Amino acid sequence: MERGLLHTILCLIAGVVLSGCIEEYEAVLPEDESDILVVEGAICSSKMNTFYLTRSLPVNADYQSSVVTNAKVSVRGSDGSEYEALESGVQGGYICMVGELSPDVEYYLYIEIDGDVYESDPQKPLRTEKIADVRGVQNTPTSDIDILVTPETPFESGKTNYYSWTYDETWEVHPEYTTDVFFNVEEMRYELRPDQFPRWGWKDGRNKTIILGSSTNYDHQHIQKLKIYDISNSSQYLYYRYSGLVHQRAISKAEYEYEQARRQAGSEMGGLFTPLPSSLPTNIHCRTSGKRAIGFVGCSLNTSDYRFFLNASDFTIYRPILGDTRTWLEDCNEVICSEWVKRGWYLCEWEDERMMGGKLRTAWALPYQLDVRLQGAYIEEPEFWKLKENVSY
């Protein structure tokens, strides 16, 4: 679940402002609907789990004041196992390294704060099928590229299967210009220096929006070629080579319905019939008082990953044709070149026709046009970039 999104939805629901009125109207959140504990996160086997704890506040309230700190948080099992969480120091985050879960044990999230104890409903961890395929499809030369996912044959084909997906992205970037020449100020001459700047680099992105899927309308309850996101055909992500890492997790019907309700509440924010926070489904309960909480903590025996690659040559990619943005000096000499170097410019072209009665013509660029690191890229090649085929984990 994307960090802080649920909190924002609840805050906006709480403070609806009706437009078109003569006087400004500020909805008042009922007293029993304020200060509700909001829990985000899922219990996943054999990995670092992160849980976020906040409290619902009226619109315009300081978000930082809603962050829950100094809580005792842990993942517990019906077999007596316990994995303690520590504060991450980031917006109410609590991190917890969970070991290998047992399919026969029920697990739940335990929260102790201000003398109250909250627990999620105990549940056995769900198995997640591997991902059979992820591919990019461009339906027409002018359309965007749709990313389609197909899980492997479900463990239980006789019932509806529910999944959630998130994904990470990595894409190759090149500098605006490259240069093999350099002006040496000390010797007042140009020289060949092809390794001044890296010729390419990479950027990463993480999409935290949860994509949901249900097998209801698929034969044998087997989801096939479900679109989970798309990439614009003019995106710089696809100028060269792109890689996506899709994370798949099987979820329960209850968690699916919670996420659907949360999205509906978010899409209807500001409407007269927007549900109040307490009407959202939840599996978080206060065991020591009548206080309420909002959230749904799922439990997974495993998650499945699939890395795929897209090459620009396989699609019709729109790249705008840009004019030459370098600065050209049509009549130049070594003294002028030295001055430009001292100003922070780099030599890109050296066309010297002075021996034939002509002139020295040079082109210059600034560092950000030549160095991908100044555009937020890194130059150490990712280990997976050498892969030639998609891979399922």
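Model, not experiment: these values are computed from the prediction. All values below were derived from every heavy atom in this structure, side-chain atoms included, with hydrogens, water molecules and symmetry-related copies excluded.
Between R55 and V68, some side-chain heavy-atom pair lies under the 4.5 Å cut-off. Residues K203 and E169 form no side-chain contact, since every pair of their non-hydrogen atoms from C-beta on lies 4.5 Å or further apart. V134 is not listed as a side-chain neighbour of T150, based on a closest heavy-atom distance of 4.5 Å or more. Considering only heavy atoms from C-beta on, S56 stays 4.5 Å or farther from D35 through its side chain. By the 4.5 Å heavy-atom criterion applied to side chains, V372 and I379 are counted as neighbours. With a 4.5 Å cut-off on side-chain heavy atoms, L109 and V39 count as touching. No side-chain heavy atom of D133 sits under 4.5 Å from any side-chain heavy atom of K225. Side-chain contact check for V38 versus Y52: every heavy-atom pair is 4.5 Å or farther apart.
Across F51 and C96, no two heavy atoms sit closer than the pair CE1-CB, 4.4 Å. The two residues N161 and P154 make their nearest non-hydrogen contact at ND2-CB, 3.5 Å. Closest heavy-atom contact between I131 and V149: CG2-CG2, 3.8 Å. Nearest heavy atoms, I36 versus A293: CG2-CA, 3.8 Å. Closest of all the heavy-atom pairs between S164 and L212 is CB-CD2, 4.2 Å. Nearest heavy-atom pair across T50 and I95 is OG1-CG2, 3.7 Å.
One side chain, K47 or T303, offers a donor N or O that lies under 3.5 Å from an acceptor on the other. With no hydrogens or angles considered, no side-chain donor-acceptor pair links N302 and S45 at under 3.5 Å. Looking only at atom types and distance, the side chain of N311 has no donor-acceptor partner in the side chain of Y240 under 3.5 Å away.
Residues that satisfy the ring pair (Phe, Tyr, Trp, His ring centres under 6.0 Å) test with Y94, not counting sequence neighbours, are absent from this structure. With sequence neighbours left out, W385 forms a side chain to side chain contact (heavy atoms under 4.5 Å, CB included) with T170, E172, W202, R241, S243, F309, E381, P382. Taking the side chain to side chain donor-acceptor pair (under 3.5 Å) definition, one finds that S234 meets it with S232, sequence neighbours left out. Residues passing the side chain to side chain donor-acceptor pair (under 3.5 Å) test with Q224, sequence neighbours excluded: none. For R354, the side chain to side chain donor-acceptor pair (under 3.5 Å) test picks out E334, D352, with sequence neighbours left out. Every side chain to side chain donor-acceptor pair (under 3.5 Å) that T362 has, sequence neighbours left out, goes to W364.
The number of heavy atoms from other shown groups lying within 6.0 Å of CG (N217) does not exceed 12. More than 12 heavy atoms of other shown residues, nucleotides or ligands fall within 6.0 angstrom of atom CD in E330. Surrounding CD of E383 are at most 12 heavy atoms belonging to other residues, nucleotides or ligands under 6.0 Å away. When the shell of 6.0 Å around CZ of R199 is examined, it contains more than 12 heavy atoms from other residues, nucleotides or ligands.
Every pair passing salt bridge (Lys or Arg N to Asp or Glu O under 4.0 Å) that includes a residue from residues 229-238 is listed here, sequence neighbours excluded: K227-D230. Annotation: salt bridge (Lys or Arg N to Asp or Glu O under 4.0 Å) contacts involving residues 87-112, sequence neighbours excluded, are absent. Within the structure, the ring-ring contact (aromatic ring centres under 6.0 Å, His included) test picks out no pair touching residues 106-145 (sequence neighbours left out). Sorted by first then second residue, the ring-ring contact (aromatic ring centres under 6.0 Å, His included) pairs that include residues 205-238, not counting sequence neighbours, are Y167-Y229, W171-Y237. Applying the salt bridge (Lys or Arg N to Asp or Glu O under 4.0 Å) test to every pair with at least one member in residues 121-132, sequence neighbours left out, gives these pairs: D121-R287.
The backbone N or O of A254 sits nowhere less than 3.5 Å from a side-chain atom of E257 that would complete a donor-acceptor pair. At least one donor-acceptor pair closer than 3.5 Å links the side chain of Q138 to the backbone N or O of S143. The backbone N or O of V181 sits less than 3.5 Å from a side-chain atom of Q196, completing a donor-acceptor pair. Judged by distance alone, with hydrogens and angles left aside, the side-chain atoms of Q248 form no donor-acceptor pair with the main-chain N or O of Y306 at under 3.5 Å. In this structure, S120 contributes its side chain and I284 its backbone to no donor-acceptor pair below 3.5 Å. Judged by distance alone, with hydrogens and angles left aside, the side-chain atoms of T288 form a donor-acceptor pair with the main-chain N or O of V117 at under 3.5 Å. For Q91 (side chain) and V67 (main-chain N/O), no donor-acceptor pair under 3.5 Å exists by modelled atom type. The closest donor-acceptor contact from the side chain of Y258 to the backbone of N283 lies at 3.5 Å or more, if one exists at all.
In the hydrophobic clustering of this structure, L226 does not group with I210; members are Ile, Leu, Val, Met, Phe, Trp, Tyr whose side-chain heavy atoms approach within less than 4.5 Å, directly or through other members. By the rule that hydrophobic residues join a cluster once side-chain heavy atoms approach within less than 4.5 Å of another member, F183 and L192 end up as members of one cluster. Under the 4.5 Å side-chain heavy-atom criterion for grouping Ile, Leu, Val, Met, Phe, Trp and Tyr, W165 is not connected to L126 through any hydrophobic cluster. There is no path of hydrophobic side-chain contacts, each under 4.5 Å, that joins Y242 to L245. The hydrophobic clustering, which links ILVMFWY residues whose side-chain heavy atoms are closer than 4.5 Å, places L238 and F308 together.
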Going through the checks in order, is the salt bridge (Lys or Arg N to Asp or Glu O under 4.0 Å) test met by E84 and R76?
-> CA-CA 9 Å; E84 183 179 355; R76 299 185 177 186; over 6 Å; no
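Between D180 and R193 there is no salt bridge, since no side-chain N of the basic residue sits under 4.0 Å from a carboxylate O of the acidic one.
Because its NZ or CZ atom is both nearer than 6.0 Å to the ring centre of F384 and within 45° of the ring axis, R307 counts as a cation-pi partner of that residue.
Rounding to the nearest 0.5 Å places OG1 of T209 at 12.0 Å from CD1 of I228. To the nearest 0.5 angstrom, C286 atom SG is 7.0 Å from K291 atom NZ. The structure places NZ of K359 at 13.5 Å from CD of E351, a figure rounded to the nearest 0.5 Å. In this structure, the separation between CD on E255 and OH on Y163 is 14.0 Å, given to the nearest 0.5 Å. One distance of note links CG of L53 with CG of N70; it measures 11.5 Å at 0.5 Å rounding. In this structure, I294 CD1 and T282 OG1 are separated by 5.0 Å, a value rounded to the nearest 0.5 Å.
With respect to Y83, the side-chain contact (heavy atoms from CB on, under 4.5 Å) criterion is satisfied by exactly one of V73, V75, I43, N49: V75.
A ring-centre distance under 6.0 Å is not found for H174 and Y239.
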Please list every donor-acceptor pair under 3.5 Å in which a side-chain atom of residues 336-349 meets a protein atom from a residue at least two apart or in another chain.
from: E349; atom 1: OE2; to: R326; atom 2: NH1; distance (Å): 3.2

